[in-house]
Amino acid sequence: MPIFIDRRLNPKDKSLGNRQRFLRRAREELKRSIRDQIRSGRIADVDAEHTVPMPERGTAEPSFNDDKASGRRQHILPGNRHFAPGDLIPKPGGSGAGGPGNKVSEDDFRFVLSREEVLELFFEDLELPDLVKLNLKEILAFKPRRAGFAATGSPTNVNVGRTMRNSHGRRIALRRPKQEELDAILQEIATLESASAGAATRQRIAGLREELDRLERRRRRIAFVDPVDIRFNRFDARPIPNAKAVMFCLMDVSGSMGEREKDLAKRFFVLLHLFLKRRYERTEIVFIRHTHEAHEVDEDTFFYNTQSGGTIVSTALDEMHRIIEQRYPANEWNIYAAQASDGDNFATDSERCIEFLDRRLMRLCQYFAYVEIIDERETHIFGATENGTSLWRAYSRVELKWPNFQMSRIATPADIYPVFRRLFARQPVPARKSA
């Protein structure tokens with residue numbers, strides 16, 4: 001029987017063929033284990049290594065065996081009083097869960113996934129909906145950019161200045177005779193020849209001619225410009241994204257948002273932030289916090305500031321519109337928004353939100369997702385409960401009119417991941433309606 005032993009090392013942060021084959025074979029089991037861990041743990045933990053338990057049945061390796069239908073084999077079956085040919089002999093110890101006893105059993109196989117592998121499995125079937133201008137991660141435009149010099153290249157890219165600089169340095173290093181030296185010798189020879197032709201003069205002229213011949217031969221051997229001197233302008237292809245996207249994260253931090261509500265909202269935005277960083281490296285993220293006033297803030301302030309106050313939701317929409325007009329023209333950018341709130345708002349301001357979304361923002365946005373944080377005692381998590389909050393009722397009217405507007409509810413940490421997947425699952429989004 002042939003025996004194959006793979007002695008290749010698996011360096012740190014590199015995945016060789018065997019590891020990739022195992023990931024492909026156990027992909028579904030690994031994805032299920034990761035989702036279960038994230039659902040029951042902290043959302044931020046997804047951005048780290050994970051140790052995933054694998055059932056023993058999922059870790060079997062392919063093996064080579066003799067073909068039972070061909071070849072010649074001999075078997076020696078010792079006689080005994082307990083077993084006959086064909087009997088199955090139980091493996092000592094066994095594996096998995098079993099009944100009580102004192103036998104040693106084997107735990108499930110535990111497989112360590114790197115941070116990159118965790119994120120790839122976690123977000124592989126999610127995407128920004130309706131990204132119309134081209135995929136951000138895979139399709140890029142390239143623009144040439146000067147990147148120094150190269151020893152090879154096209155004749156049209158010869159850098160004359162750098163080439164002559166190299167030539168001058170090489171000629172100095174090799175002591176190539178200068179033209180001035182040859183001209184000085186010729187001038188001296190002409191002066192001597194015009195003077196009286198004595199023996200000493202003739203001997204001097206002969207010596208000068210020998211020196212002139214030597215210098216000329218040396219000049220011919222040391223070229224003025226040698227191929228080793230030539231330098232070409234070097235250009236690198238600089239990637240320029242064909243599609244540009246910006247995600248607006250709007251979070252309600254008013255007094256009606258308790259610590260539980262804020263924690264759930266922050267978990268949702270942490271998951272969204274990781275998703276965008278992983279799938280779309282060139283997507284910009286704008287963070288907006290609002291009470292009765294709205295302000296654009298940085299990432300740390302957005303997640304960790306403890307500011308609170310009254311509630312006027314329209315201020316966040318107004319701030320988002322102002323930023324779009326200043327920095328993100330809709331004809332050049334794919335604009336997305338995700339909003340989290342407990343739904344507590346003045347009825348008059350909720351009507352203003354409808355008008356603002358209908359007349360301004362929804363015409364500019366590719367996609368707008370609204371997440372409402374509700375009490376754990378609510379039973380209808382994914383739909384409106386009877387009357388619902390003022391903001392939920394208002395946004396329900398927006399959802400009916402604009403297919404690129406989606407809304408959902410979160411009551412417990414376990415709801416965050418299912419809601420996130422429902423909002424950002426890879427599926428076609430209907431074309432937007434025109435008002």
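Heavy-atom basis, side chains included; hydrogens, waters and symmetry copies ignored. Being a predicted model, the structure only gives us computed values, none of them experimental.
- Side-chain contact between L364 and Y328 is absent, with no heavy atoms from C-beta onward closer than 4.5 Å.
- The shortest side-chain heavy-atom distance between I373 and F268 does not fall under the 4.5 Å cut-off.
- One N or O on the side chain of D349 and one on the backbone of V313 form a donor-acceptor pair closer than 3.5 Å.
- Within the 3.5 Å criterion, the main-chain N or O of A223 finds a donor-acceptor partner in the side chain of R170.
- Expressed to the nearest 0.5 Å, how far NZ of K266 lies from CG of L272 amounts to 16.0 Å.
- Contact annotation: the side chain of D344 never approaches that of S254 to less than 4.5 Å [non-hydrogen atoms, C-beta and beyond].
- Summarising the local packing, CZ of R175 is surrounded by 12 or fewer heavy atoms from other residues, nucleotides or ligands at distances under 6.0 Å.
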| task | Begin from the C-alpha positions of Y395 and E372 and carry the test side chain to side chain contact (heavy atoms under 4.5 Å, CB included) through to its verdict. | result | CA-CA 11 Å; Y395 277 0; E372 186 162 289; over 6 Å; no
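- Taking 4.5 Å as the limit, some side-chain heavy atom of I324 sits within range of a side-chain heavy atom of F248.
- Under the 3.5 Å distance criterion, the side-chain polar atoms of S314 are left unmatched by any main-chain donor or acceptor of C353.
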Can I get a per-line list of side-chain donor-acceptor pairs under 3.5 Å for residues 177-186, giving both atom names and the distance, sequence neighbours left out?
from: Q179; atom 1: OE1; to: R219; atom 2: NH2; distance (Å): 3.3
from: Q179; atom 1: NE2; to: D183; atom 2: OD1; distance (Å): 3.0

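- Judged by distance alone, the side chains of D342 and S256 do bring a donor and an acceptor atom under 3.5 Å apart.
- The backbone N or O of A411 lies less than 3.5 Å from a partner atom in the side chain of D415, making a donor-acceptor pair.
- Side-chain contact between R352 and I312: absent, with no pair of heavy atoms (C-beta onward) separated by less than 4.5 Å.
- Side-chain atoms of S167 never come within 3.5 Å of backbone atoms of T163 as a donor-acceptor pair (strictly under, hydrogens ignored).
- Side-chain atoms of Y370 do not come within 3.5 Å of backbone N or O of E399 as any donor-acceptor pair.
- Distance alone, capped at 3.5 Å, places no donor-acceptor pair between the D252 side chain and the T311 backbone.
- Applying the salt bridge (Lys or Arg N to Asp or Glu O under 4.0 Å) test to every pair with at least one member in residues 297-325, sequence neighbours left out, gives these pairs: E319-R322.
- Within the 4.5 Å cutoff, side-chain heavy atoms of H321 are placed close to those of L361.
- Counting heavy atoms from C-beta on, the side chains of I288 and I323 come closer than 4.5 Å.
- Judged by the 6.0 Å and 45° rule, R171 forms a cation-pi pair with F224.
- In this structure, the side chain of R234 does not engage the main chain of G148 through any donor-acceptor pair within 3.5 Å.
- In this structure a side-chain-to-backbone donor-acceptor pair under 3.5 Å is missing from D213 to E210.
- Once rounded to the nearest 0.5 Å, the distance linking CD of Q187 with CG of L192 reads 10.0 Å.
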| salt bridge (Lys or Arg N to Asp or Glu O under 4.0 Å) assessment of D358 paired with K401 | CA-CA 9 Å; D358 189 39; K401 185 174 183 180; 2.9 Å; yes
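- A heavy-atom distance below 4.5 Å is not found between the side chains of V253 and H290.
- Within 6.0 Å of the CZ atom in R218, the count of heavy atoms belonging to other residues, nucleotides or ligands exceeds 12.
- In this structure, F346 places its CZ atom where only 12 or fewer heavy-atom neighbours from other residues, nucleotides or ligands lie under 6.0 Å away.
- Checking side-chain atoms of R231 against main-chain N and O of V228 turns up a donor-acceptor pair under 3.5 Å.
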